[in-house]
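Reminder, nothing fancy here: chain letters follow the sequence lines and each chain counts from 1.
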There are 2 protein chains.
Amino acid sequence: MTPPPSVTPALDPEMFDPMCPSSALPFQIGDKWTGMVVLCLEHGRRRFTEIRGPLRGITPKVLTQTLRAMERDGLVVRTAYPEHPPRVEYELTPLGRSLLTLIDAARTWSRSHLAELLRARQAYDAN
Amino acid sequence: MTPPPSVTPALDPEMFDPMCPSSALPFQIGDKWTGMVVLCLEHGRRRFTEIRGPLRGITPKVLTQTLRAMERDGLVVRTAYPEHPPRVEYELTPLGRSLLTLIDAARTWSRSHLAELLRARQAYDAN
DNA sequence: CAGGATCCCATCTGATACTG
DNA sequence: CAGTATCAGATGGGATCCTG
């Protein structure tokens with residue numbers, strides 16, 4: 001018997017390619033993982049472990065820190081169900097969802113300019 | 001005899017109000033000071049000390065680090081004049097100037113949503 | 001399953017002093 | 001003036017182990 005599936009389709013575990021140079025972006029949403037968490041929650045709520053999947057290598061402690069900070073800032077709501085084993089779901093608030101426009105602006109910038117930045121960096125390092 | 005004025009009007013030493021909650025923004029351009037440096041250079045090139053003014057409290061070491069990183073990424077060009085005392089000017093490249101659109105997106109987001117974020121934070125901390 | 005508790009380290013930032 | 005050198009502190013992120 002499979003567990004009841006989330007309302008939303010499963011997250012692609014490789015939605016954040018570690019080889020993608022987005023880590024070179026000259027801007028960041030919140031802390032290191034905040035932007036990726038927002039994207040994980042873009043299409044509906046997710047459980048703790050579900051979010052953890054695409055965030056390759058994040059430890060539970062750090063994910064908890066990230067989610068707590070986001071909850072504090074009103075970006076996500078946390079819902080704990082009194083079950084055993086426990087189940088907790090996180091969902092974007094409208095405020096959290098508003099960050100998507102910023103992430104989109106960042107992506108647009110990247111498509112237009114990131115290659116140039118990386119070229120400049122290589123050229124500089126060649127000397 | 002006053003020194004030859006920069007091409008551009010002087011920077012307002014209080015253009016970055018330390019009491020302004022922009023430090024609470026859930027996003028950041030580059031490192032801590034990068035976004036502010038971009039804004040300092042928005043209207044033309046500036047000398048090292050000129051940039052340092054509005055960036056209250058930045059040490060020369062950190063400003064140098066910031067500017068070097070920006071030069072590496074092709075965001076600014078550094079021009080040193082062989083004079084005594086030395087004179088160095090920094091100027092945004094078109095790539096660096098392209099960040100202004102992102103900064104603008106951030107500002108737009110702030111105007112619409114930052115107050116709400118701060119309210120959520122206060123409410124959370126009240127418990 | 002969803003975390004809490006500890007420990008540790010790298011990085012970032014700043015303070016201070018000095019120099020071509 | 002525009003840095004460099006050195007040192008100290010804070011902070012963030014991660015590894016590991018443990019638990020309701």
Answer yes when B:Arg52 and B:Glu50 have at least one side-chain N-carboxylate O distance shorter than 4.0 Å, and no when they do not. no
Note: B:Leu118 and B:Ala24 closest approach over all heavy atoms is CD2-CB, 3.9 Å
Those residues at least two apart in sequence (or on a different chain) that pass side chain to side chain contact (heavy atoms under 4.5 Å, CB included) with A:Lys61 are A:Thr59, A:Gln65
Can you tell me the distance, in whole Å, between the CG atom of A:Leu55 and the P atom of D:dG13? 12 Å
When you check every protein heavy atom under 4.0 Å of nucleotides 2-9 of chain D, what one-letter string (B, S, -) results, 5' to 3'? SBS-BB--
Is there a donor-acceptor pair under 3.5 Å between the side chain of B:Arg97 and the backbone N or O of B:Glu42? yes
When rounded to whole Å, the CG to P distance for the pair B:Asp31 and D:dG12 reads 14 Å
Please identify the 5'-most and 3'-most nucleotides of DNA chain C with any atom under 4.0 angstrom from a heavy atom of chain B. C:dT13 to C:dG20
Could you check how far CD of B:Glu83 sits from C1' of D:dC1, rounded to whole Å? 11 Å
When clusters are formed by joining ILVMFWY residues with side-chain heavy atoms under 4.5 Å apart, either directly or through shared neighbours, do B:Ile103 and A:Ile29 land in the same one? no
Relative orientation of the end axes in the helix from C:dC1-D:dG20 to C:dG20-D:dC1, expressed as an angle to the nearest 10° (five pairs per end): 50°
For B:Thr66, what residues pass the side chain to side chain contact (heavy atoms under 4.5 Å, CB included) criterion, not counting sequence neighbours? B:Trp33, B:Thr34, B:Val37, B:Val62, B:Met70
So does B:Glu14 have more than 12 non-hydrogen atoms from other groups sitting under 6.0 Å from CD? no
Any donor-acceptor N/O pair, A:Glu71 side chain to A:Gly74 backbone, under 3.5 Å: no
Side chain to side chain contact (heavy atoms under 4.5 Å, CB included) partners for B:Ser110, two or more places apart: B:Leu25, B:Phe27, B:Leu114
Side chains of B:Thr101 and A:Trp109: is there a donor and an acceptor less than 3.5 Å apart? no
